[in-house]
Amino acid sequence: MIYIGLTGWGDHDSLYPSGTSSNDKLTIYAGHFPVVEVDSTFYSIQPEKNVRKWVNETPKNFQFIVKAYKGMTGHETGLGSFESRSEMFAAFYKMLQPFQEANKLAMVLFQFPPWFHCKRENVDFLRWCKEQMKDAPCALEFRHRSWFLPTYYEKTLQFMEKEGWIHTICDEPQAGENSVPTVLYCTNREKTLVRFHGRNVHGWLRPKEGNWREVRYLYRYNEQELDEWKGHIKMLKKQTKDLYLIFNNNSGGDAADNGKELMKKLGITYHDLAPRQLDLFECFEKYPTEGESDFD
């Protein structure tokens with residue numbers, strides 16, 4: 001099946017009626033998309049009550065991609081309130097329990113920073129991370145090009161395949177060593193993740209003027225770019241059972257529109273979403289079978 005979704009549920013104003021409370025946004029979001037990437041877990045390991053709330057507010061077949069805590073991926077140094085790194089990983093794994101109980105955990109996303117280079121100690125750390133996550137499916141995303149240089153390209157993919165990592169395929173600006181190429185290869189036959197970061201090279205390189213965080217993902221995919229990905233998706237679907245496509249180009253509010261545009265291009269309509277009032281045009285659509293697309 002092909003799952004299309006967005007990063008987070010708070011930043012997509014086009015999905016929500018004016019004045020919508022932040023507490024109501026996830027339920028409304030789940031009426032538009034069948035999967036979401038949870039970013040709040042990157043900033044802190046969430047209390048159980050938050051996770052259970054998210055699980056209870058979404059339909060039975062809704063899926064969550066849970067981003068690994070920043071202390072686990074080296075975005076933040078030190079142990080914080082934890083006595084050891086093992087304790088940190090154990091707390092994160094425990095947090096996943098409500099997702100797992102409800103069969104709503106698509107995967108845990110380990111996104112490593114640009115300074116996480118391809119070298120032996122980091123390869124060993126990746127093995128250790130995978131062990132700590134036990135039975136949880138885990139996706140791996142690099143931000144440093146060294147992992148896909150000609151010398152290591154095949155070895156990187158073979159390592160992910162052998163260790164059971166889900167490959168996170170990235171569409172992002174090609175901005176030197178702190179970006180990775182789009183590698184169209186599935187290392188896991190059950191699940192593959194694609195993240196659309198946009199192609200804003202200027203924002204990716206952290207311009208000195210203004211707040212670079214506000215422009216880094218400021219990008220709207222055009223028709224030609226989405227059509228190009230339609231061909232890529234057709235190829236990837238032959239390699240993996242479930243394909244998760246996540247739009248992260250949130251800075252200008254473009255992610256939701258691009259996600260819906262891609263749904264149309266792929267001929268996908270989801271029937272197991274949360275109930276919502278349909279627009280005038282949607283009322284007249286002829287819906288195919290659940291999850292049906294051109295590639296099934």
Checklist entry - Out of Y221, Y217, Y244, which one pairs with F196 under the ring-ring contact (aromatic ring centres under 6.0 Å, His included) rule? => result Y221
Checklist entry - Closest approach of Q46 and S40, non-hydrogen atoms and distance? => result NE2-O, 3.3 Å
Checklist entry - Regarding D171 and T182, is there a side-chain donor-to-acceptor distance under 3.5 Å anywhere? => result no
Item to check | Any M107 side-chain heavy atom under 4.5 Å of L193 side chain | outcome: yes
Item to check | Pair listing, ring-ring contact (aromatic ring centres under 6.0 Å, His included) test, anchored in residues 77-97, at least two apart | outcome: F89-W128
Next on the checklist: Take a 6.0 Å sphere around OH of Y16 and say whether it holds more than 12 heavy atoms from other residues, nucleotides or ligands.
Outcome noted: yes
Item to check | Nearest atoms (heavy-atom pairs only) where N188 meets G164 | outcome: ND2-O, 4.0 Å
Next on the checklist: Between Q158 and T156, does the side chain to side chain donor-acceptor pair (under 3.5 Å) criterion hold? Intermediate values first, please.
Outcome noted: CA-CA 5 Å; Q158 289 172 5; T156 295; over 6 Å; no
Checklist entry - Does any pair with a residue in residues 174-197 pass salt bridge (Lys or Arg N to Asp or Glu O under 4.0 Å), and if so which ones, sequence neighbours excluded? => result E37-R195, E141-R195, E161-R189
Next on the checklist: For L184 versus H232, what's the shortest heavy-atom pair and its separation?
Outcome noted: CD1-ND1, 3.4 Å
Item to check | Min side-chain heavy-atom separation R216-L218 under 4.5 Å | outcome: no
Next on the checklist: Please list all pairs meeting salt bridge (Lys or Arg N to Asp or Glu O under 4.0 Å) that have one or both residues in residues 13-22, counting only residues at least two apart or in different chains.
Outcome noted: none
Next on the checklist: I'd like to know whether H197 forms a ring pair (Phe, Tyr, Trp, His ring centres under 6.0 Å) with Y219, so could you lay out the CA-CA distance, the side-chain angles of the two residues, the decisive distance to 0.1 Å, and finally the verdict.
Outcome noted: CA-CA 8 Å; H197 296 302; Y219 191 83; over 10 Å; no
Next on the checklist: Consider ring-ring contact (aromatic ring centres under 6.0 Å, His included). Of F116, F159, Y153, which one does W147 pass it with?
Outcome noted: F116
Checklist outcome for this item: The single option from N249, D257, N200 that satisfies side-chain hydrogen bond (donor to acceptor under 3.5 Å, both in side chains) with R220 is D257
Next on the checklist: Taking E225's backbone N and O only, do any of them form a donor-acceptor pair with N222's side chain (distance below 3.5 Å, no angle check)?
Outcome noted: yes
Item to check | With sequence neighbours excluded, residues passing side-chain hydrogen bond (donor to acceptor under 3.5 Å, both in side chains) with T240 | outcome: T192
Item to check | Distance-only side-chain donor-acceptor flag, H12 / K25, under 3.5 Å | outcome: no
Checklist entry - Can you list every pair that meets salt bridge (Lys or Arg N to Asp or Glu O under 4.0 Å) and has a residue in residues 77-90, with sequence neighbours left out? => result none
Checklist outcome for this item: With sequence neighbours left out, the residues meeting ring-ring contact (aromatic ring centres under 6.0 Å, His included) with W54 are W9
Next on the checklist: Pair E48, K94 - check side-chain contact (heavy atoms from CB on, under 4.5 Å), show working.
Outcome noted: CA-CA 9 Å; E48 181 180 348; K94 183 179 179 182; 5.7 Å; no
Checklist entry - Got a sec, which residues hit side-chain hydrogen bond (donor to acceptor under 3.5 Å, both in side chains) with Y3, two or more places apart in sequence or on another chain? => result none
Item to check | Whether T41 side chain and Y69 backbone form a donor-acceptor pair below 3.5 Å | outcome: no
Checklist entry - Quick one: do the Q224 and D227 side chains pair a donor with an acceptor below 3.5 Å? => result no
Next on the checklist: Under a 3.5 Å threshold, yes or no: a donor from one side chain and an acceptor from the other, between R145 and Q174?
Outcome noted: yes
Checklist entry - For F64, which residues count as a ring-ring contact (aromatic ring centres under 6.0 Å, His included) partner, sequence neighbours excluded? => result F62, F99
Item to check | Non-neighbouring partners of E223 that pass salt bridge (Lys or Arg N to Asp or Glu O under 4.0 Å), sequence neighbours left out | outcome: K265
Checklist entry - Who passes side-chain hydrogen bond (donor to acceptor under 3.5 Å, both in side chains) against D24, sequence neighbours left out? => result none
Checklist entry - Going by the salt bridge (Lys or Arg N to Asp or Glu O under 4.0 Å) test, which pairs reach into residues 54-81, not counting sequence neighbours? => result K53-E57, K70-E76
Checklist entry - Would the W165 and F110 ring centres measure less than 6.0 Å apart? => result yes
Next on the checklist: Tell me every residue that passes side-chain hydrogen bond (donor to acceptor under 3.5 Å, both in side chains) with E163, counting only those two or more places apart in sequence or in another chain.
Outcome noted: R127
Next on the checklist: Determine whether F148 and Y152 satisfy the following criterion, ring pair (Phe, Tyr, Trp, His ring centres under 6.0 Å), listing intermediate values before the conclusion.
Outcome noted: CA-CA 6 Å; F148 292 113; Y152 300 115; over 10 Å; no
